[in-house]
Amino acid sequence: MSLHIILFGPPGSGKGTQSEKLVEEFNFLHISTGVLLREQIEQQTPLGIEAKKYMNNGKLVPDEVVINMVKNLLHQHPNTPGFLYDGFPRTIQQGQALDSMLKAMNTAIHLFLALDVNNETLIQRLLKRGKELNRQDDVNEQIIRTRIAEYKEKTEIIKEYYHNKAVSIPAQESIDVVYKKVKSAINQTINA
Ligand code: B4P
């Protein structure tokens, strides 16, 4: 049976960073809607051209776009040890769509890991990445603040939606310290 784990948190909380380490250690399939969207932008597909308008302004991309991307991936990997959702779901509608897809596969979310970091640290981390990688949505503090506001308005509530699967992880410390906590929560789920 494959595990289904959501890695949740505001922009800059370490979702992508922790996912990389988890994928290496547990061999999970990494489903990052942010990565998938940036690939579409890179390839200048119609989907990518549309998504770019939202992403570069710090706004969420429309639900149907991301839901379809995830749906396609779920059916392509029947034998993976686990699916790691990074940055998805970001709205209640996306959460409901994911639950229906999993129900149709006779499974459900096993663990919802919520990374907690304060706003000032988020902004500093993203501005630093903006300088290092020149990611368009990281270079401007106002766009970063819009992303955090979108998170507060549309995304944060998802933690309540998955409350019976949720584990909060204080994620202010170094990448390796946070990883130890994330890994321990996953091992507890595996061994339950
Ligand atoms: P994402 O690609 O998901 O990007 P993100 O939220 O900024 O976080 P990410 O996971 O990449 O970065 P991390 O915190 O690991 O989304 C980008 C955009 O795509 C969204 O704004 C939206 O427009 C769109 N989108 C994506 N999914 C969508 C969906 N489902 N619905 C609608 N729209 C969607 O790392 C940030 C930085 O912090 C890194 O430089 C890292 O090195 C550093 N860092 C991480 N942990 C640290 C630690 N413990 N200590 C110090 N630095 C740390």
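We count ligands from 1, going down the list as the structure has it; atoms in each ligand are counted the same way.
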Q: Quick check on contacts: which atoms of ligand 1 are under 4.0 angstrom from a heavy atom of R38?
A: 2 (O), 17 (C)
Q: Are side-chain N/O atoms of K159 and S168 paired as donor and acceptor at under 3.5 Å?
A: yes
Q: Check each heavy atom of S13 against ligand 1 and say whether those closer than 4.0 Å belong to the side chain, the backbone, both or neither.
A: backbone
Q: Could you find the nearest protein heavy atom to atom 25 (N) of ligand 1 and give me its residue, atom name and distance?
A: L37 CD1, 3.6 Å
Q: In terms of atom number and element, which parts of ligand 1 are under 4.0 angstrom from non-hydrogen atoms of F88?
A: 30 (N)
Q: Short list, please: which atoms of ligand 1 are under 4.0 Å from a heavy atom of R129?
A: 7 (O), 9 (P), 11 (O), 12 (O), 13 (P), 35 (O), 36 (C), 39 (C), 40 (O)
Q: Do the numbers put K59 on top of the ring of Y54, so that NZ or CZ is under 6.0 Å from the six-membered ring centre and no more than 45° off the axis?
A: no
Q: Could you find the nearest protein heavy atom to atom 49 (N) of ligand 1 and give me its residue, atom name and distance?
A: E173 O, 2.7 Å
Q: Any salt bridge between R38 and E42, counting N to O under 4.0 Å?
A: no
Q: In terms of atom number and element, which parts of ligand 1 are under 4.0 angstrom from non-hydrogen atoms of G87?
A: 27 (N), 28 (C), 29 (C), 30 (N)
Q: Please state which protein non-hydrogen atom is closest to atom 27 (N) of ligand 1 and give its distance, to 0.1 Å?
A: T33 OG1, 2.7 Å
Q: Salt-bridge test for K128 and E132: reply yes if a basic N is under 4.0 Å from a carboxylate O, no otherwise.
A: yes
Q: Please check: side-chain N/O of N72 versus main-chain N/O of N68, any donor-acceptor pairing under 3.5 Å?
A: yes
Q: Can you list the atoms of ligand 1 that are under 4.0 Å from a heavy atom of K59?
A: 22 (C), 23 (O)
Q: Once you restrict to heavy atoms under 4.0 Å, what part of D137 touches ligand 1? Side chain, backbone, both or neither.
A: side chain
Q: What protein heavy atom sits nearest atom 4 (O) of ligand 1, and how far off is it?
A: R135 NH2, 3.3 Å
Q: Hey, are R90 and E150 close enough for a salt bridge, meaning a charged N less than 4.0 Å from a carboxylate O?
A: no
Q: As an exercise, state the distance from OG of S2 to CZ of F28, rounded to the nearest 0.5 Å.
A: 9.5 Å
Q: Measure the acute angle between the ring planes of Y85 and F83, then classify it against the limits of 30° and 60° as parallel, tilted or perpendicular.
A: parallel
Q: Is the closest N or O pair between R125 and ligand 1 shorter than 3.5 Å?
A: yes
Q: Near Q94, which atoms of ligand 1 are under 4.0 Å from a heavy atom of that residue?
A: 29 (C), 30 (N), 31 (N), 32 (C)
Q: Would you say K154 contacts ligand 1, with heavy atoms under 4.0 Å as the rule?
A: no
Q: Any salt bridge linking D137 with R129? Criterion: basic side-chain nitrogen under 4.0 Å from a carboxylate oxygen.
A: no
Q: Given side chain to side chain donor-acceptor pair (under 3.5 Å), test T121 with Q172 step by step and report yes or no.
A: CA-CA 8 Å; T121 304; Q172 197 76 25; 2.4 Å; yes
Q: Where is the nearest protein heavy atom to atom 41 (C) of ligand 1: which residue, which atom, and how far?
A: T17 OG1, 3.5 Å
Q: What protein heavy atom lies closest to atom 10 (O) of ligand 1? Include the residue and the distance to one decimal.
A: G16 N, 2.8 Å
Q: Any nitrogen or oxygen of V61 lying under 3.5 Å from a nitrogen or oxygen in ligand 1? Just yes or no.
A: yes
Q: At a 4.0 Å threshold, what atoms of ligand 1 neighbour a non-hydrogen atom of S174?
A: 49 (N)
Q: Check each atom of ligand 1 against the heavy atoms of G14 and keep those under 4.0 Å away; list them by number with element.
A: 13 (P), 14 (O), 15 (O), 45 (C), 46 (N)
Q: What is the closest protein heavy atom to atom 19 (O) of ligand 1, and at what distance does it sit?
A: M55 CE, 3.3 Å
Q: Could you give the distance from OG1 (T45) to CG (L37), rounded to the nearest 0.5 Å?
A: 9.0 Å
Q: Nearest 0.5 Å, what's the OH-CG distance between Y162 and L98?
A: 4.5 Å
Q: Heavy-atom distance to atom 3 (O) of ligand 1: which of K131, R147, R90 wins?
A: R90
Q: F8 and F112: aromatic ring centres closer than 6.0 Å?
A: yes
Q: Quick check: K15 and ligand 1, any N/O pair under 3.5 Å apart?
A: yes
